[in-house]
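See below for the structure under consideration.
Remember, predicted model here, so these are calculated numbers, not experimental data.
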Amino acid sequence: MRNIDGGGLSPTHVSTPRGGFLVPGYVAVLAAYCHKNGLKPEQCDLCQSHFGYLEAIAFQREVFGEDAYPHQRWNEGATYSPLCHLNNPDQVDEASGKISGCIRRLAGTSPGVRDLVEVVGELHDNVWSHGMDSGFSIAQTWKVPFEEDRFIEFGLADVGIGFLRELTSHGVNVDGDRAAIEWALQEGHSTKGLKIDDPWAQSLPDDAVGNPFSASVPTTKGAGGNHHLGLGLAKLVSLVTRYKGTLYIASGDSILVQGESGEWSWLDVSTEWQGVAVACRLRQSRLNDAREPTGESTDEVDAVAAGLSGGWKQ
């Protein structure tokens with residue numbers, strides 16, 4: 001996963017990196033960025049080695065409304081779930097169904113698979129309620145090199161208001177984006193549980209500026225919503241920890257990286273991400289293994305983290 005900045009990104013033009021391959025986290029971020037800025041196909045310099053892949057996963061269809069892919073998508077639902085634009089509640093349900101079906105088809109119905117499917121569904125529901133039509137998601141599976149195992153990867157990104165601005169809108173004071181991510185990951189923390197001073201206050205969108213009502217009408221932001229900080233991110237972290245996966249959560253100028261041994265590290269980004277982006281990678285064998293993971297670290301952790309983290313950091 002290469003740096004989206006390094007590949008070339010501006011409000012009027014983007015280009016994918018030359019060489020390598022694209023993973024779901026990168027694709028979801030790229031799609032959300034192109035949609036946010038209203039980019040046209042001619043403003044996107046897609047590397048030729050990636051063009052066919054992006055066509056196959058329906059990137060052009062979901063982002064530009066154009067689908068010129070000339071082939072039957074035989075592997076859809078088997079080795080990948082196509083890119084989905086979460087632009088209405090029905091599409092959110094469809095995306096959750098496609099990704100869940102893909103995961104179950106590959107990995108069966110073990111407790112680990114059921115846990116993953118549940119978390120993916122919650123992520124979709126809450127990204128829709130928070131980011132509205134700015135969210136994109138995708139899942140993909142691929143063979144672990146030199147092993148009889150497969151990776152299951154999931155990526156989701158939106159260009160909503162992000163953790164820090166959401167907390168601020170609910171009166172929670174934290175020091176920067178990193179602290180906001182940490183707050184959101186603490187079990188039991190949710191903006192849905194925060195106190196609203198006036199239950200009769202008129203609800204405004206989180207990003208509303210000023211008060212469109214008279215001064216006598218009390219207002220509050222996000223009072224009735226189901227937002228990012230209520231999606232149970234602690235459950236996602238717990239799942240990735242239990243099954244020794246890797247996880248990336250980006251918002252603002254910070255990215256949390258959780259490696260296979262459960263350790264946390266942080267990356268700073270050169271260009272802030274307006275919204276939230278999530279990417280995780282899990283092994284099929286671990287999701288299907290009834291035994292408790294040992295938590296042992298392996299040499300593979302660094303290789304996996306390096307491959308993924310390049311998509312976020314310059």
Side-chain angles (χ1 to χ4, degrees), residues 1-2 7 14-35 39-109 113 116-117 120-121 123-124 127-128 133-145 147-157 279-285 287-288 307 311:
M1 189 173 180
R2 299 278 299 178
V14 298
S15 61
T16 56
R18 273 39 187 168
F21 62 95
L22 307 181
V23 294
Y26 180 97
V27 173
V29 166
L30 181 64
Y33 187 87
C34 290
H35 176 71
L39 298 184
K40 305 299 182 183
E42 58 270 20
Q43 295 172 291
C44 300
D45 179 18
L46 305 179
C47 175
Q48 190 60 38
S49 62
H50 301 144
F51 189 85
Y53 165 75
L54 291 172
E55 276 197 323
I57 63 169
F59 181 91
Q60 288 85 341
R61 182 186 70 195
E62 297 298 296
V63 177
F64 306 126
E66 302 176 359
D67 190 5
Y69 190 60
H71 309 294
Q72 181 94 16
R73 292 183 169 95
W74 297 108
N75 290 321
E76 180 176 323
T79 60
Y80 72 93
S81 175
L83 181 70
C84 288
H85 181 193
L86 309 177
N87 59 351
N88 61 66
D90 289 339
Q91 188 72 354
V92 172
D93 291 341
E94 182 179 349
S96 295
K98 285 182 177 180
I99 289 177
S100 298
C102 180
I103 293 171
R104 288 193 182 99
R105 182 176 295 187
L106 171 73
T109 57
V113 171
L116 177 58
V117 167
V120 166
L123 285 167
H124 278 117
V127 163
W128 159 249
D133 71 343
S134 71
F136 289 83
S137 70
I138 180 175
Q140 182 178 334
T141 69
W142 55 285
K143 188 179 182 302
V144 179
E147 297 184 34
E148 293 300 321
D149 203 352
R150 295 187 70 85
F151 285 125
I152 299 174
E153 297 198 37
F154 171 72
L156 183 149
C280 67
R281 175 184 292 181
L282 296 151
R283 284 173 175 257
Q284 175 188 351
S285 61
L287 287 171
N288 288 334

When rounded to the nearest 0.5 angstrom, what distance separates [atom1] in [X] from [atom2] in [Y]?
X    : Y    : atom1 : atom2 : result
L116 : I152 : CG    : CD1   : 6.5 Å
I138 : S81  : CD1   : OG    : 7.5 Å
D93  : N88  : CG    : CG    : 9.0 Å
S49  : R18  : OG    : CZ    : 8.0 Å
Y69  : I57  : OH    : CD1   : 10.5 Å

Considering all heavy atoms, the nearest [X]-[Y] contact:
X    : Y    : value
H85  : G135 : CD2-O, 3.4 Å
S134 : A32  : O-CB, 3.8 Å
C44  : F64  : SG-CZ, 3.5 Å
Y26  : P17  : OH-CD, 3.0 Å
E62  : Q91  : OE1-NE2, 3.6 Å
A107 : V113 : CB-CG2, 3.4 Å

For the residue pair [X] and [Y], establish whether any side-chain heavy-atom pair is separated by less than 4.5 Å.
X    : Y    : answer
Q140 : V23  : no
R281 : W142 : yes
L39  : V63  : no
Y80  : E153 : no
V144 : Q284 : no
H124 : L156 : yes
F154 : L123 : yes

For residues 97-106, dump all side-chain donor-acceptor pairs below 3.5 Å to protein atoms at least two apart in sequence or in another chain.
| from | atom 1 | to | atom 2 | distance (Å) |
| --- | --- | --- | --- | --- |
| K98 | NZ | E94 | OE2 | 3.0 |
| S100 | OG | S96 | O | 2.7 |

Problem - Within residues 72-87 or reaching into it, pairs that qualify as salt bridge (Lys or Arg N to Asp or Glu O under 4.0 Å) - sequence neighbours excluded - result: D67-R73

Practice task
Determine yes or no for a side-chain-to-main-chain donor-acceptor pair under 3.5 angstrom, with T141 supplying the side chain and T79 the backbone.
Solution key: yes

Practice task
Kindly say whether C47 contributes a backbone atom to a donor-acceptor pair with the side chain of T16 at under 3.5 angstrom?
Solution key: yes

Handout entry: E42 CD: over 12 foreign heavy atoms closer than 6.0 Å
Key = yes

Practice task
Tell me, yes or no, whether the heavy-atom count around K40 atom NZ, taken from other residues, nucleotides or ligands under 6.0 Å, exceeds 12.
Solution key: no

Exercise for the section: Report the relative orientation of the aromatic rings in H35 and F136; use parallel for angles under 30°, tilted for 30 to 60°, perpendicular for over 60°. Expected result: perpendicular

